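Whatever order the structure lists ligands and atoms in, that order sets their numbers, starting from 1. Residue numbers count from 1 along this sequence. Keep in mind the model is a prediction, meaning the values are calculated, not measured.
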Amino acid sequence: MAMPVSDPQFLNDQRKALRRTLRQRRRALTKAQQRQAGEALCRRLRGLPEVQRARRVALYLPNDGEIDATPLLAWLRRRGARAYLPVLRPLAKNRLWFVHYHAATPMTRNRFGIREPDTRHGAHRARQLPPWALDLALLPLVGFDDLGNRLGMGGGFYDRSFAFTRRRGPRPRLIGVAHDCQHVERLPFAGWDVPLDAIVSDRRMVRPRHR
Ligand SMILES: Nc1nc2c(c(=O)[nH]1)N(C=O)[C@@H](CNc1ccc(C(=O)N[C@@H](CCC(=O)O)C(=O)O)cc1)CN2
Ligand SMILES: Nc1ncnc2c1ncn2[C@@H]1O[C@H](COP(=O)(O)OP(=O)(O)OP(=O)(O)O)[C@@H](O)[C@H]1O
């Protein structure tokens, strides 16, 4: 039963293999399945107090079969809340900042080919927020389990950007989102994984105990 999770090499190999399997799984979903899952996810999210309360909300544009949380955009706008997207910071290695996203936001592609706001437009520089200024961030997950452990794309971007939430003080709520087919029995977890307040899929919700 016991997994030698203390061996970092073993842990990383395991996470890498799992990441490959789970990414294939979500990419295999049809367009119709994707649309249904996104709608179901957003219905669940709209029912959560931390989503209803939030004024500054980070989400992401789906990539690589990720569940689509963008149906939330219109709902947020109606409620007077603002949506933000992650951008890779050029100078701070592997950290994210968040840029206000609306219909007229100039966009570009980052080095992973993911669409993100183009921060070279001077007028938009003022619209950037550091992670700690958000009320809520939705984190796209590659995998999750019932204890609230998570697996991301492997860059550690969200882990590094939200590492400060382990300390006392005001912090954004963090909600991991994924397709239900990304659920696994038990994830080999890494000590640096930032604890999430909840994980929501199109079919279930996990509320980890540690928060
Ligand atoms: N939609 C979305 N946006 C996001 C993230 C995300 O997971 N989803 N991120 C969450 O962190 C950040 C980008 N992180 C990423 C990390 C790795 C790869 C990736 O595809 N890596 C390749 C190999 C790396 C390379 O080409 O250099 C791979 O694993 O195949 C993509 C995004 C910021 N924006
Ligand atoms: N707070 C941190 N400080 C320094 N390095 C970190 C931190 N968090 C993660 N890392 C590094 O980032 C790498 C990727 O981490 P991990 O495999 O947990 O990514 P992930 O959780 O899948 O990705 P993400 O956080 O982007 O969703 C690890 O090798 C780890 O060394």
* If two hydrophobic side chains count as joined below 4.5 Å and joins carry through other members, does Leu151 share a cluster with Leu29? -> no

* Structure fact -> In terms of its nearest heavy atom to atom 6 (C) of ligand 2, the top option of Met153, Arg15, Arg160, Arg95 is Arg160

* To do: For His179 and Gln33, test the side chains for any donor-to-acceptor distance below 3.5 angstrom and give the result as yes or no.
  => no

* To the nearest 0.1 Å, how far is atom 33 (C) of ligand 1 from its closest protein heavy atom, and which atom is that? -> Leu96 CD2, 3.8 Å

* To do: Looking only at protein heavy atoms, identify the closest one to atom 17 (O) of ligand 2 and say how far it is in Å.
  => Arg19 NH2, 3.1 Å

* Looking at atom 21 (O) of ligand 2, what's its closest protein heavy atom, distance included? -> Asp159 OD2, 3.0 Å

* **Atoms of ligand 2 close to Asp193 [distance to a heavy atom under 4.0 angstrom, numbered from 1]** => 18 (O), 21 (O)

* Asked: Is atom 28 (C) of ligand 1 less than 4.0 angstrom from some protein heavy atom?
  -> yes

* Ionic contact status for Arg171 with Glu50, cut-off 4.0 Å -> no

* To do: May I ask you to decide if the ring planes of Phe98 and Tyr158 are parallel, tilted or perpendicular, using 30° and 60° as cut-offs?
  => tilted

* Would you say Pro140 touches ligand 1, if touching means a heavy atom closer than 4.0 Å? -> yes

* Structure fact -> Heavy-atom nearest pair, Ser161 first then Asn94, reads OG-O, 4.5 Å

* Which residue and heavy atom of the protein sit nearest atom 26 (O) of ligand 2, plus the separation -> Phe157 N, 2.9 Å

* Test item: Tyr84 and Leu134 side chains (from C-beta on) under 4.5 Å apart, heavy atoms -> yes

* Partners passing salt bridge (Lys or Arg N to Asp or Glu O under 4.0 Å) against Asp64 (at least two apart in sequence or in another chain) -> Arg23, Arg26, Arg27

* **side chain to side chain contact (heavy atoms under 4.5 Å, CB included) between Ile114 and Arg109, worked out** => CA-CA 5 Å; Ile114 304 175; Arg109 281 186 194 273; over 6 Å; no

* For Met153, atoms of ligand 1 separated by under 4.0 Å from a heavy atom -> 7 (O), 16 (C), 17 (C), 18 (C), 19 (C), 20 (O), 31 (C)

* Structure fact -> Between Val206 and Gly148, the two heavy atoms sitting closest are CG1-N, 3.9 Å

* To do: Write out the residue and atom name of the closest protein heavy atom to atom 4 (C) of ligand 1, then the distance separating them to 0.1 Å.
  => Ile114 CD1, 3.9 Å

* Asked: Which residue owns the protein heavy atom closest to atom 27 (O) of ligand 2, what's the atom, and how far is it?
  -> Arg150 NH2, 2.6 Å

* **Any Leu88 side-chain heavy atom under 4.5 Å of Trp97 side chain** => no

* Starting from atom 29 (O) of ligand 2, find the nearest protein heavy-atom neighbour and note its residue, name and distance. => Trp192 CZ2, 4.1 Å

* Asked: Would you say ligand 1 has an N or O under 3.5 Å from any N or O of Leu61?
  -> yes

* To do: For ligand 2, indicate whether the residue Leu139 contacts it via side chain, backbone, both or neither (heavy-atom separation under 4.0 Å).
  => neither

* What is the closest protein heavy atom to atom 14 (C) of ligand 2, and at what distance does it sit? -> Gly154 O, 3.1 Å

* To do: Counting heavy atoms only, name the option from Gly156, Pro140, Ser161, Gly176 that's nearest to atom 23 (O) of ligand 2.
  => Gly156

* Structure fact -> closest protein heavy atom to atom 26 (O) of ligand 1 is Phe112 CD2, 4.3 Å

* Please could you name the atoms of ligand 1 that Phe157 approaches to less than 4.0 Å, counting only its heavy atoms? => 11 (O), 14 (N), 16 (C)

* Work out which heavy atom in Thr105 is nearest to a heavy atom in His100; give both atom names and the distance. => OG1-O, 3.7 Å

* Among protein heavy atoms, which sits nearest to atom 9 (N) of ligand 1, and what does the distance come to when rounded to 0.1 Å? -> Tyr158 CE1, 3.8 Å

* To do: Could you grab the distance from atom CZ of Arg82 to atom CG of Leu76, nearest 0.5 Å is fine?
  => 12.5 Å

* **Distance-only N or O hit between ligand 2 and Ala163, under 3.5 Å** => no

* Working for side chain to side chain contact (heavy atoms under 4.5 Å, CB included), residues Asp135 and Arg53 -> CA-CA 8 Å; Asp135 299 319; Arg53 270 198 308 267; over 6 Å; no

* Would you say ligand 1 has an N or O under 3.5 Å from any N or O of Glu66? -> yes

* Nearest protein heavy atom to atom 22 (O) of ligand 2, by residue and atom, and its distance? -> Gly152 N, 2.7 Å

* Structure fact -> min-distance protein heavy atom vs atom 34 (N) of ligand 1 -> Pro86 CG, 3.9 Å

* To do: May I ask you to check whether Arg23 has an N/O atom sitting below 3.5 Å from an N/O atom of ligand 1?
  => yes

* To do: Could you tell me whether the side chain of Asp202 and the main chain of Asp180 form a donor-acceptor pair under 3.5 Å?
  => yes

* For ligand 1, which atoms sit closer than 4.0 Å to a heavy atom of Tyr60? -> 1 (N)

* Taking only Lys NZ, Arg NE, NH1 and NH2, and the carboxylate oxygens of Asp or Glu, determine whether Arg15 and Asp193 approach each other closer than 4.0 Å. => yes

